[in-house]
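Only one structure is covered here, and it is reproduced in the block below.
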Amino acid sequence: MTKKVIVTGANGQDGAYLCQSLFKKGYEVHACIRRGSTTKTGRLKFLDIIDDIHIHQVDITDYISVMNLLKSIRPQQVYNLAAQSFVQDSFNNPMVTSKINLDSVMNMLEAIKTLEIDVKFYQASTSEMFGDVLSDPQNEDTPFNPMSPYAISKCCAHYLVKNYRIAYGMQCVSGILFNHESELRGREFVTRKITSGLARLASGDTVSIKLGNCDSKRDWGYAPDYVEAMQLMVEEKTNSDYVVSTNTIASVREFFTMSALAAGFKPVIEGEGLNERCLDATTNRILYEIDKKYYRPSDVSYLKGDYSKIQNDLGWRPTHDLPAISEKMIKFDLKLLSGSLSFDYTI
Ligand code: NAP
Ligand code: F7E
């Protein structure tokens, strides 16, 4: 029998890759998208799967809508990826962030319990929950120390999933995923902001990129690898949470430098603090400058994962290192600017 799967946040970076991967494996994919004046399906269209999956416009912050969705589809698996996922925005909009990131999880779990559906539920937890880290590297036993409304909403959702598993024996797991990027990454996140900005500069534009905290270090992986990890977690018989990471780190500055080299620049960094900037040694043009508006009220300075558990239990490991990811993103952004490729995830 064909397995039915619901994916929320289906037109996000991970949602789109996940829908594509699930469809290719023969699942009946029900893609859940938020209602708006226009339906945003840009990534699903780009991956050429829009006609292969079922699209549902549902407000997952509304319990009745979630009940109706689950009742009508009766899926075997639910991947809950919808979120206000931009950490910086969570400081400006903490209530909206909590509503989507926590209430929707409560709605899903409560509806599954009430309907008594035999379903495996996946929650998109995050390395941001480790926050100001309390041990290094971070694994499944590392205590949380969240530093933003986003991270706090995700911690609450994480504990909620754990509680439904313990209290009601429900099949629900959380993947604690470290940062993962790709050609389909949103432009507000620093990696894509950098690669799209560098492509713009390489194509002749002269306005420098403005960045915030370049000392920040992250464990960056490749999104298509990470959606495979999600599926392994959902397919496994025991209900266990897993860290998904690459076990390597780079600073924002290091990511910028490798991306600038991939775009054909010769980056030279000078100055410190707010006076830091990066020049191209060949043309003397400014590639980036610091703008304090991109600093966060409280930032996470360092995250490094340990993926031993998922490697040992489920055989998962990352297939892309950061220079390879950066090069893919730069090439993609250069193609978009030259017009040889067309993609707009905002529609
Ligand atoms: P993303 O690209 O921002 O996608 C999030 C999706 O959620 C978008 O499609 C968005 O819809 C949807 N959404 C936002 N508000 C909604 C609402 N009120 N109702 C319904 N849908 C809503 O994020 P991502 O990178 O794919 O991440 C997927 C999930 O993993 C998120 O839960 C994120 O918090 C979590 N996560 C991400 C990372 C990472 O590094 N990428 C790491 C750990 C955890 P629109 O398209 O309409 O805006
Ligand atoms: O920031 C610094 C910024 O916004 C990374 C989400 O997917 O991963 C993501 O959250 C770092 C931060 O990602 C700029 O201060 C410097 O320290 O790309 P980001 P994030 O906050 O790590 C986690 C795992 C998630 O769960 C989230 O959903 O880069 N930084 N200058 C900047 N960041 C941005 N966005 N823009 C800058 O100009």
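Counting starts at 1 for both ligands and their atoms, in listed order. Residue indices begin at 1 and follow the sequence shown.
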(Q) Under a plain distance cut-off of 3.5 Å, with no hydrogens placed, do Asn163 and Tyr168 share a side-chain donor-acceptor pair? (A) no
**Q.** Residue portion contacting ligand 2 (non-hydrogen atoms closer than 4.0 Å) for Ser85
**A.** both
Q. Do you know the tightest heavy-atom contact between Lys40 and Asn11?
A. O-ND2, 3.0 Å
Q: For residues His180 and Asp14, report the shortest heavy-atom separation together with the two atoms involved.
A: NE2-OD2, 2.6 Å
Q.
Measuring centre to centre across the rings, with the benzene-like ring taken for any Trp, is Tyr307 within less than 6.0 Å of Trp316?
A. yes
Q.
Can you name the atoms of ligand 2, numbered from 1 with element, that are less than 4.0 Å from a heavy atom of Phe86?
A. 4 (O), 35 (N)
Q | same_hphob_cluster(Ile100, Met67) at 4.5 Å side-chain heavy-atom cutoff | A | yes
Q: Heavy-atom distances under 4.0 Å are what count here, so tell me which part of Val190 touches ligand 2: side chain, backbone, both or neither.
A: both
(Q) Check whether Tyr242 forms a cation-pi arrangement with Lys309 (NZ or CZ under 6.0 Å from the six-membered ring centre, at most 45° off the ring normal). (A) yes
Q: Could you pull out the closest heavy-atom pair between Leu184 and Gln13, with the gap in Å?
A: O-CB, 3.9 Å
(Q) Could you identify the single nearest non-hydrogen protein atom to atom 12 (C) of ligand 2 and state the distance to 0.1 Å? (A) Arg218 NH2, 3.5 Å
Q) Backbone or side chain, does any N or O of Asp299 fall under 3.5 Å from an N or O of ligand 2? A) yes
Q: Could you tell me how the ring of Phe189 sits relative to the ring of Phe86: parallel (under 30°), tilted (30 to 60°) or perpendicular (over 60°)?
A: perpendicular
Q.
For Phe332 together with Phe46, are the ring centres under 6.0 Å from each other?
A. yes
Q) Does ligand 2 have an atom under 4.0 Å from some heavy atom of Cys214? A) no
Q: Pull out every atom of ligand 2 sitting under 4.0 Å from any heavy atom of Glu128, numbered as shown with elements.
A: 22 (O), 23 (C)
(Q) Given the ring of Tyr79, does Lys120 sit roughly above its face, with NZ or CZ under 6.0 Å from the centre of the six-membered ring and within 45° of the axis? (A) no
Q) Are the side chain of Ser65 and the backbone N or O of Thr61 linked by a donor-acceptor pair below 3.5 Å? A) no
Q) Which bit of Val87 is near ligand 2, meaning a heavy atom under 4.0 Å away: side chain, backbone, both or neither? A) side chain
Q: For ligand 2, note which part of Tyr295 has a heavy atom under 4.0 Å away: side chain, backbone, both or neither.
A: neither
Q: For the residue pair Thr238 and Ser240, confirm or rule out a side-chain donor-acceptor distance under 3.5 Å.
A: no
Q | Sub-4.0 Å atoms of ligand 2 with respect to non-hydrogen atoms of Gly212 | A | 14 (C), 16 (C), 31 (N), 38 (O)
(Q) Which label fits Phe144 and Phe130: parallel for a plane angle under 30°, tilted from 30 to 60°, or perpendicular past 60°? (A) tilted
Q: Kindly identify the option in Leu177, Ile209, Asn179, Asp89 whose heavy atom sits closest to atom 13 (O) of ligand 2.
A: Asn179
Q. So, is Thr191 polar-close to ligand 2, with some N/O to N/O distance under 3.5 Å?
A. no
Q) Evaluating non-hydrogen atoms only, which member of Arg296, Arg192, Glu188, Arg253 is closest to atom 21 (O) of ligand 2? A) Arg296
Q) For Trp220 and ligand 2, does the shortest N/O to N/O distance drop below 3.5 Å? A) no
Q: Identify, chain by chain and in numerical order, each protein residue with a heavy atom under 4.0 Å from an atom of ligand 1.
A: Gly9, Asn11, Gly12, Gln13, Asp14, Arg34, Lys40, Leu81, Ala82, Ala83, Ser85, Ile100, Ala124, Ser125, Thr126, Tyr150, Lys154, Leu177, Phe178, Asn179, His180, Arg185
Q.
Can you tell me which portion of Arg185 lies within the under-4.0 Å heavy-atom range of ligand 2? Options are side chain, backbone, both, or neither.
A. side chain
Q. With atoms numbered from 1 as shown, which atoms in ligand 2 lie under 4.0 angstrom from a non-hydrogen atom of Tyr294?
A. 38 (O)
